[in-house]
Participant: 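Sharing a structure, written as structure tokens. Questions coming.
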Amino acid sequence: MKYVDEFRDPARARALASEIAGLVPRIARTRERPLQIMEVCGGHTHAIFRYGIQQLLPDAVEFVHGPGCPVCVLPMGRVDDCVALALQPQVIFTTFGDAMRVPGSRLSLLKAKAEGADVRMVYSPLDALAIARDNPAREVVFFGLGFETTMPSTAMTLIAAKKQGLRNFSLFCNHITIIPTIKAILDSPDLHLDGFLGPGHVSMVIGTRPYRFIAEHYKRPIAIAGFEPLDVLQALWMVLKQLAENRCEVENQYGRIVPAEGNRQALAAIAEVFELREYFEWRGLGSIDHSGVRLRASYADYDAERKFCIPNLKIADPKSCQCGEVLKGVLKPHQCKVFGSACTPETPIGSLMVSSEGACAAYYNYGRIARSQVVDTTGLRAAVKVGA
Amino acid sequence: MCLGIPGRIVALSDAESRLAVVDVSGVRRSVNIACIVDEAHPPESCVGEWVLVHVGFAMSRIDAEEAERTLALLHELGEAQAEIEAMRNSAAARAG
């Protein structure tokens with residue numbers, strides 16, 4: 001595939017890893033503690049585990065897995081809202097496959113489907129729109145989630161729905177926005193991050209400028225990264241080089257996809273359809289100001305929150321589940337009490353075990369990672385089981 | 001959902017509605033190209049282009065020049081590495 005194989009060359013990966021190892025001694029603070037670099041995006045978390053990137057790195061460099069997996073940060077109450085919508089007899093509930101297995105307090109969407117709800121997995125919001133056209137007597141709800149990467153596709157679908165005058169299509173909007181989220185992470189007293197790998201595909205839409213505050217105000221380096229192993233390693237090298245040279249800048253490793261100004265058409269579609277919510281509730285992170293979007297009044301007819309009665313209850317996570325601590329980077333997945341025992345990808349308790357981009361699922365599926373560092377026995381069992 | 005996949009646009013199916021056919025590793029499907037079309041890039045210019053496809057939308061052209069630049073930098077790093085390795089070996093050989 002175009003520019004995939006080229007960015008997986010093992011010889012170049014080794015060369016980069018060696019360059020990185022050479023930089024570390026030049027960064028003074030590594031003498032006191034390991035450097036903590038957060039990959040904000042779940043796609044990067046997945047790549048880091050899939051390709052075993054952490055093992056290529058010196059002990060003094062650690063990845064902290066950020067909250068950039070949209071499925072993983074859904075609070076349980078929101079899943080319950082989806083199930084409540086899906087169980088209404090006139091509704092066809094459409095969703096990306098990732099969200100099907102996230103547990104609600106009683107049911108996941110998959111289980112709701114087994115109980116008779118009309119839940120359909122779609123690849124694209126445009127497929128949901130086609131279902132609405134084909135079923136004029138039914139109400140088709142699309143479950144929109146994701147950061148700025150998926151926001152333009154939802155926005156353009158709604159623009160098309162309005163243009164076509166479709167009345168039986170609506171959006172249950174759970175889109176979230178990256179900049180307030182990064183700000184909340186930087187303001188969190190629990191975390192002491194030294195730098196960031198920036199999300200490649202969010203940046204393809206918003207460009208590189210919105211990240212400037214990270215370098216200018218918070219004095220942390222950031223490099224926007226692609227998703228192949230060499231992309232991740234090269235971006236990490238760029239961040240460490242900044243640290244070694246006492247620079248804080250926004251750098252772009254993923255120039256083949258990310259233009260500095262972002263995507264004008266995509267941003268225009270977002271602006272046409274969405275506006276910021278005052279606050280939005282995240283799993284594990286609590287409420288973050290201005291971190292979510294809703295439909296503008298001009299799209300009220302397409303807003304499932306106005307069209308249907310949605311319970312909107314706040315449901316606490318199960319007591320045993322420590323997704324919140326993992327999401328904040330305070331705990332590593334294998335340090336959670338139920339990791340690999342009660343909570344597995346087949347029977348997930350927490351959302352981080354559901355999505356392939358979730359840190360726990362990545363730890364579990366590519367569990368050979370740092371087996372020697374796994375101290376607690378449940379994690380070890382999982383690692384051995386998967387590694388065998 | 002967020003990762004996307006590279007594909008090549010092989011035909012326009014409905015230029016008016018900004019729909020095209022994309023080939024992703026031999027699989028063809030309809031994609032919306034509104035995000036990569038503007039005054040400078042009319043729909044016709046998209047045919048033959050490599051794009052990144054996300055949930056049914058071509059979200060970005062893959063900039064071949066930028067990709068080559070990134071690869072060249074990686075290549076230089078590799079060469080620097082080989083050079084350093086050679087220097088180290090020669091020093092060791094001398095000390096040996």
Side-chain angles (χ1 to χ4, degrees), chain A residues 1-4 6-7 9 11-12 14-16 18-19 22 41-43 46 68-71 96-99 122-127 145-147 149-150 152-154 156-157 159-160 199 201-202 204-205 226-227 230-231 234 237 253-259 263-266 269 355 357, chain B residues 1-8 14 16-19 22-27 29-41 49-85 88:
Chain A
M1 255 183 296
K2 191 82 169 170
Y3 301 123
V4 171
E6 295 93 325
F7 286 93
D9 178 356
R12 285 181 185 176
R14 276 191 295 276
L16 262 174
S18 164
E19 289 284 330
C41 173
H46 184 84
C69 160
V71 175
F96 294 134
D98 310 42
V122 290
Y123 162 70
S124 165
L126 290 172
D127 299 340
L145 80 172
F147 285 96
T149 315
T150 50
S153 52
T154 305
M156 287 188 167
T157 302
I159 292 170
H201 292 151
V202 166
M204 155 186 89
V205 173
F227 294 90
L230 291 187
D231 289 322
Q234 191 180 21
W237 172 78
Q253 182 277 334
Y254 201 30
R256 65 187 185 277
I257 294 290
V258 175
N263 186 309
R264 192 166 49 85
Q265 298 91 316
S355 165
E357 291 172 22
Chain B
M1 175 175 71
C2 306
L3 272 186
I5 190 153
R8 193 170 198 183
D14 181 351
E16 182 81 359
S17 310
R18 303 282 186 259
L19 291 176
V22 73
D23 181 308
V24 177
S25 300
V27 179
R29 97 151 251 150
S30 163
V31 285
N32 183 298
I33 54 170
C35 283
I36 56 166
V37 167
D38 59 18
E39 305 78 34
H41 304 93
E49 297 241 34
W50 281 91
V51 295
L52 194 68
V53 181
H54 276 80
V55 299
F57 287 75
M59 290 299 300
S60 178
R61 284 189 179 75
I62 299 176
D63 187 327
E65 241 170 69
E66 278 292 339
E68 295 303 337
R69 203 170 299 149
T70 313
L71 284 169
L73 182 65
L74 283 167
H75 189 66
E76 272 168 34
L77 275 174
E79 289 201 332
Q81 186 56 33
E83 195 112 348
I84 292 163
E85 199 66 27
R88 202 175 288 144

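Here is how names work: the chains are called A, B, and so on, in the same order as the sequence lines, proteins then strands, and each is numbered from 1.
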Participant: Check whether B:Val51 gets within reach of chain A through its side chain, its backbone, both or neither, counting any heavy atom under 4.5 Å.
Facilitator: neither
Participant: May I have the step-by-step check of side-chain contact (heavy atoms from CB on, under 4.5 Å) for A:Ile257 and B:Ile62, ending in yes or no?
Facilitator: CA-CA 5 Å; A:Ile257 294 290; B:Ile62 299 176; 3.7 Å; yes
Participant: Minimum heavy-atom separation for B:Ser60 to A:Met204, with atom names?
Facilitator: CB-SD, 3.7 Å
Participant: Taking side chain as everything from C-beta outward and backbone as N, CA, C, O, which of these in A:Asp127 sits under 4.5 Å from a heavy atom of chain B? Side chain, backbone, both or neither.
Facilitator: side chain
Participant: Taking atom OG1 of A:Thr154 and atom CZ of B:Phe57, what is their separation to the nearest 0.5 Å?
Facilitator: 8.0 Å
Participant: Name the region of A:Val258, side chain, backbone, both or neither, that has any atom closer than 4.5 Å to a heavy atom of chain B.
Facilitator: neither
Participant: Taking all non-hydrogen atoms of both residues, which atom of B:Val55 and which atom of A:Ser153 are closest, and how far apart?
Facilitator: CG2-OG, 3.3 Å
Participant: Any sub-3.5 Å donor-acceptor pair from A:Asn263's side-chain atoms to B:Met59's backbone N or O?
Facilitator: yes
Participant: Just so I understand: if I count every heavy-atom pair under 4.5 Å between each of B:Val31, B:Asn32, B:Asp63, B:Ile36 and chain A, which residue has the most?
Facilitator: B:Asp63
Participant: Please step through side-chain contact (heavy atoms from CB on, under 4.5 Å) for the pair B:Thr70 and A:Gln253, ending with a clear verdict.
Facilitator: CA-CA 7 Å; B:Thr70 313; A:Gln253 182 277 334; 3.6 Å; yes
Participant: Pick whichever of B:Glu65, B:Glu68, B:Arg8, B:Arg69 has the most heavy-atom pairs under 4.5 Å with chain A.
Facilitator: B:Glu68
Participant: What are the two closest non-hydrogen atoms of B:Gly56 and A:Leu126, and how far apart are they?
Facilitator: O-CD1, 4.1 Å
Participant: So which atom in B:Ala67 and which in A:Phe7 form the shortest heavy-atom distance, rounded to 0.1 Å?
Facilitator: O-CZ, 4.1 Å
Participant: Please test B:Arg18 against A:Met156 for side-chain contact (heavy atoms from CB on, under 4.5 Å), starting from the C-alpha separation and ending with a verdict.
Facilitator: CA-CA 11 Å; B:Arg18 303 282 186 259; A:Met156 287 188 167; over 6 Å; no
